Every structure is written in C-alpha cells, then in structure tokens.
Amino acid sequence: MATIDKAITIEEQMELEVRDRSKDMELEVEVDVTEEDSDFDNFEQLEDGNIAFGMPTPPLEETDFYENLADALDKGDLASIKNDLMSSIDSDKESRSDWEKTYREGLEYLGMKYEERSQPFEGASGVMHPLLAESVTQFQAQAYNELLPSQGPVKTQVIGMTTPETEQQASRVQEFMNYQLMQVMREYDSETDQMLFYLPLSGSAFRKVYYDQNLGRAVSKFIPSEDLIVPYGATDLHSATRITHVINMSMNEIRKLQQIGFYRDVDLDYGNVTPNEMDEIQEEIDSIQGVEPGYDNNDMCQVYESHVELDIEGFEDMNAEGEETGIKLPYIVTIANGKVLSIRRNYKEDDQLKQRINYFVHYKFLPGLGFYGFGLTHMIGGLSKASTSILRQLIDAGTLSNLPAGFKARGIRIRNDDQPLQPGEFRDMDAPGGSLRDAFVPLPFKEPSQTLLSLLGILVDSGRRFASIADMQIGDANQNAPVGTTVALLERGTRVMSAIHKRLHASQRIEFEILSKVFAEYLPPAYPYNTANGNQTIKAVDFDERVDVLPISDPNTFSMAQRVMMAQELLRTVQSNPEIHGPNGIHEAYRRMYAAMGVQNIEQLLPPPPQPQPMDPASENAGLITGLPQQAFMGQDHDAHINSHMSLYNTITAQSNPPVLSLIQAHVYQHVSFR
C-alpha cells in the first residue's frame, strides 16, 4: 500500500517540529485511530524521526486457506466490504416487497385468530372462512407422511455394476443416514413438519445443510422464505450471485463462536445492540400466534450471513502466469451489528474452477414467475377473501334478521328499553292514543340470501378443486367401478398435487446429496454407532460416487390411497394370467399389496415361497404328470433321471397330454445340460 496524501501532509508537519532535535531522540506521538478511518490503520516511525502512515501490511498470501480472512484485512477494506454488501442486501429486500405484501395479506385469511369488528355495526361477525386453512392442513398432513416415514426418509441405489461389496456399502449408508436423521438430528423431524406448513403459505421454503461447530455434527435447518434474500435477477440458487441468510442469534451464541475462533473477536457493543428488525411478515405471524417480543428481545441480534462473490485485494484470483484475472471468488461474509465477523472462502482448496459450495436447498410449492414460488395464499387467497366476505354477510344478515332494529315514535316509553326482550317476556310501556303498531317502523332487514349461499358454495368448491384434496376424489368415486377407472379418475383430479410432490422429491434428493457430502468430509475414517440391529460402523469412504442417496418417497405416487389402488390393479392382473408371471408372481403381487398398505413384518404374514429341493426321479415324474415343472440340480445321477423321465415320456398317459410332454422334454434337457 503506497503512502497516502494525507499521511504526507502530516509527515511534513512533524518534520518541521523535529528538525532541530537530535536524530537519536525517540519521538513519541499519540495517534487516535478509529475503526472507520482506514488511512491511519498502519504507521511507522522512520530512522530520521519522521512518521510514515499507511505502511504495507504483512503479505496476505501467507494466511491459511481456511482462516478467517477478516483477521488479515485492514479495517478500511472491511468497512468497504460491509457498506457495499449491506447496501446490496437492502436493495435485494426492496425488490421482493410486492411478493412479501401478497404473502402477508394471505396470512390474514388463514383464520387462526378471530377478528373483533365494530363495522358495519358493533358485534359484526369476524369469522374467517377455513378454505385456506383446510387446504394448507390437508397438504401438510399428506406431504409429511410421504417425505418423512417412520422408518426413515433415505434409500440408496448402487451406481454401475452391483457387487456384494457395493450392496453392503449401500446398506451401510442407508442405515447410517436414517439413523442420523431420525435419532441424532432430533430437530429434523419437527423442522420438516413446520417447513411443510410454511411451504403452501409462502410458496417457498429453504433448508440449510452444514456442519455445526457448536453441536459437533451435521444439521439440516429449516429457513422461512422471508429469512433468505437473493438478488432480483436470480432465477434459482445456482445462478444467484448473492444469497443472504438472516439469522436471529443470541449475543451469547455469538460470543461462543468468537471464543472458539470461528468469528472475529471484536467488540459488538453489547450494551447497544441493534434489536431485530420486525418486518411486516413477522409481525403478521406474531399476530396470528398471539405473541409479541419480550423485554429480553435486545439480547437477540440479526446476523447477515451472505454467500457472495468478491474480488478482495490481496486475495485476487490468479492465472497460471501469476497475473490477476479480475474474476470474483465465492466467500461467506458474516456481519452483525455493523461489524464484519468473518470472511471465509466458500470453495474447496483443490478446486481449480473455484466453484461455490452450496449449502441451501429450495423447496417450491408452485414454480411461480421468478425466484420465489407461489403458495396457496397467492393462488386461492382471493377466493378465501371472497368466501370470508360472503360468509360474514350471511351471518350478519341472520343476526340483523333475528334481532331487528328500527324507529319508534318519540312519545313511546318502554321500561328498560336498553335491554333486549327475553323469550316469554312482556314488558310494560306507555303509549299515546292510536295504534301501537303505527308507533314502530322496523328497518327492512332481509333473511340470509340464497344467492349468496350458492355463490359461497361455488367459491369453496373452486378452491378445494385447486388444492386437489385427494380424500374428496376417492369418496366421490363409484365403489363398483373398475379399479383402473378409479385410478384414472384419481390421477386426473390430483395432477396439481402430484406435480408438487415431484418438486418436493427432487428438492429432498438435493438435500440428501449435500448431507452425504457433509458426512464424507467430517466423519472420521471409521465411525461406530448403535442401532436396533446392533453395533454398526460406517466409513467415510462409503460416501463415494458408487452409491447414490435418494428419498424413499415415490415421485409418481403421493398418497397411500394411490399406491393401494395401483397394487390392487397389479394383483388383479397377475391373478388373471398367473402362468405368464412365473412361479412366484402371485406371491410378489401380494407382497407389493401389503407394502402399499404399510404393513410391517410382511414375512411373518406372507412367508417366502419354498425353494425347490433335489428329488428322486419317481417324485419328479409324479410332479411332471400333474403339470408341475421340475428343477434339476448339480450332483444328481442325471443318467438315471433321464432314463426314468424318458420312460414316462413313452407312456400312453403322457403321449395323450401335449403340455406334459413339453414339461418332460424341458426337464430332460436340464439334466442333459448338467451332465
């Protein structure tokens, strides 16, 4: 770093003051350097007594690859990075304001909180129609059972040629990952449950898969869509040049990470922490839950963890000739309370292409028109709003019709006229001359409109059809219709839900791939663990390219009813032509039926078919004459078997039955082959 102009000016002033002093006299100068003033970050007293400011820092190339680069950069560079990055994050948040507004307005009609209303009259109905809540709950319950079954969500598949070694490796990986997800990572179940409730509301939900330094294990954390910010032009996570995760972290948690060296040990001014910014979405969610920030909310701090591409001075990208290329490299920059806590490289040390390491997975309900997906609040929020309005009108019309109001003549006096009449009560009143009926003029309130009631039914049916609630489709089906027809009707009525399930399946596969890479990187060479099957050991090398990790859910079926229907059709087809499905066709069809129904321990209910055993020639002939195929085995007396079977072949009984002749010929050829 060259000497700056401001330093030269001060240097000249100091030279005038020390010109007449001895050169060997030590000059003591007190300089007040603030963090925001990078010009005075480094200074040095020269031999001639002068002071040079802005001296170069030690070579930055000597830092470790995995080191926190914020410790090596000067405060001016850190301030520049922080200001530019926070300005970009604010711009990213502003670009999605319309999406947030639609999401927030849709949350109002979720119907979780009764609204007290005084318009158009005191005590007017504040009920919400449960259309949106019903659709969200139906989807969440269905998707939760499919994506997270009780036996674990992971299955494995061998890539390439299958060998006993690769099969054992795949079995170890599957058992270990299911053990981690269901037993060790205890937050995975509850956060998946919560994510699947958020997803149909906002249209997007995220998971962050990484190794947690505090917990000492892998985690897969649910991130609400409002807490992940991307630039306006991003279409997916891979093309986003900047991904910012807003983390609400306690000051004590930050201090822990500072103590272990993960964050830079800087003073965050704990007595003057900027409280969390409550955006409109969070305020609406808090209102639905009926909660509000407590007195200790100032102990929480918003941490911005930005996965961004930067060109940092001293850490530039170099080509083979050692020249700067000007290409920005991926980093993870963490900012809290206006201070940069860490800057770490976000690519592997041996990666020549320096590709960004991805930690996030995007779950979408509907693809939408940009980065964020569309949820039910966007798609049927209008129907829910209209249904709520009509329902309130019907209830208010019934209320006004049952408790009419109107005008009365001024001379009429009624005792306790501020209290409503009770059933069976006759109240005294003073009336002037004339008819009592003429003294009252009730307002013309009508009964609840049948037209509005019919319109409400149309709106609700439209919303339910869009949400594709599978239970309604099956219940409306003709019970006497063929199974194939029922499956076709079910598929046609649930195409939207089927497409959503395929998107969830694809996202969960990406999540498991990232998780397997975390295990491969952080597991020791051999890791022992205990399961219900006994003591097990997983190897870090098991997570290689020979085994593919997949979700156990089927992307083609998303409900038990659909699987049972298809299994019934399969069983029916096999039973109609058992001879062409092999000797174990019926057994396999029944096994798939029980599996589709979720029956446990199928082997106890449906034992495997007995394996053929070697028999004597007479027993084989007895089976052949009845039309049962027989099996030859190595080590038998093949000549004796052939002679016995040829004797049967020449009998009148066999000659008069061509199928039996074919079985005898095929069996004789087996013995000839073994001989």
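The structure presented is a predicted model; accordingly, all values stated were derived computationally and were not measured.
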Discussion item. Are more than 12 heavy atoms, taken from residues, nucleotides or ligands other than Lys328, located less than 6.0 Å from that residue's NZ atom?
Written reply: no
Practice prompt. Please work out whether the ring planes of Phe360 and His307 are parallel, tilted or perpendicular, with thresholds of 30° and 60°.
Written response: perpendicular
Discussion item. Treating Lys155 as the side-chain partner and Gln174 as the backbone partner, does any N or O pair qualify as donor plus acceptor under 3.5 Å?
Written reply: no
Worksheet item: For atom NZ of Lys385, is the number of surrounding heavy atoms from other residues, nucleotides or ligands below 6.0 Å larger than 12?
Response: no
Response to the item:
Minimal heavy-atom distance between Phe371 and His362, with the atoms involved, is O-CE1, 3.1 Å
Discussion item. Tell me whether Ser516 contacts the main-chain N or O of Glu513 through its side chain, where contact means a donor paired with an acceptor under 3.5 Å.
Written reply: yes
Worksheet item: Thinking salt bridges, do Asp212 and Arg217 make one under a 4.0 Å N-O criterion?
Response: no
Worksheet item: What do you reckon, is OH of Tyr232 surrounded by more than 12 foreign heavy atoms closer than 6.0 Å?
Response: no
Worksheet entry | Backbone N/O of Lys539 and side chain of Asp542: donor-acceptor pair under 3.5 Å | yes
Response to the item:
Residues pairing under side chain to side chain donor-acceptor pair (under 3.5 Å) where one sits in residues 368-380, two or more places apart or in two chains, turn out to be Arg96-Tyr372
Discussion item. Is any side-chain heavy atom of Val361 closer than 4.5 Å to one of Phe206?
Written reply: no
Worksheet item: Any donor-acceptor pair under 3.5 Å linking the side chain of Ser384 with the backbone of Ile380?
Response: no
Discussion item. For Tyr210, does the six-membered ring have the charged nitrogen or CZ of Lys208 within the cation-pi criterion, i.e. under 6.0 angstrom from the centroid and within 45° of the normal?
Written reply: yes
Worksheet entry | Within 6.0 angstrom of Asp236 CG, more than 12 heavy atoms from elsewhere | yes
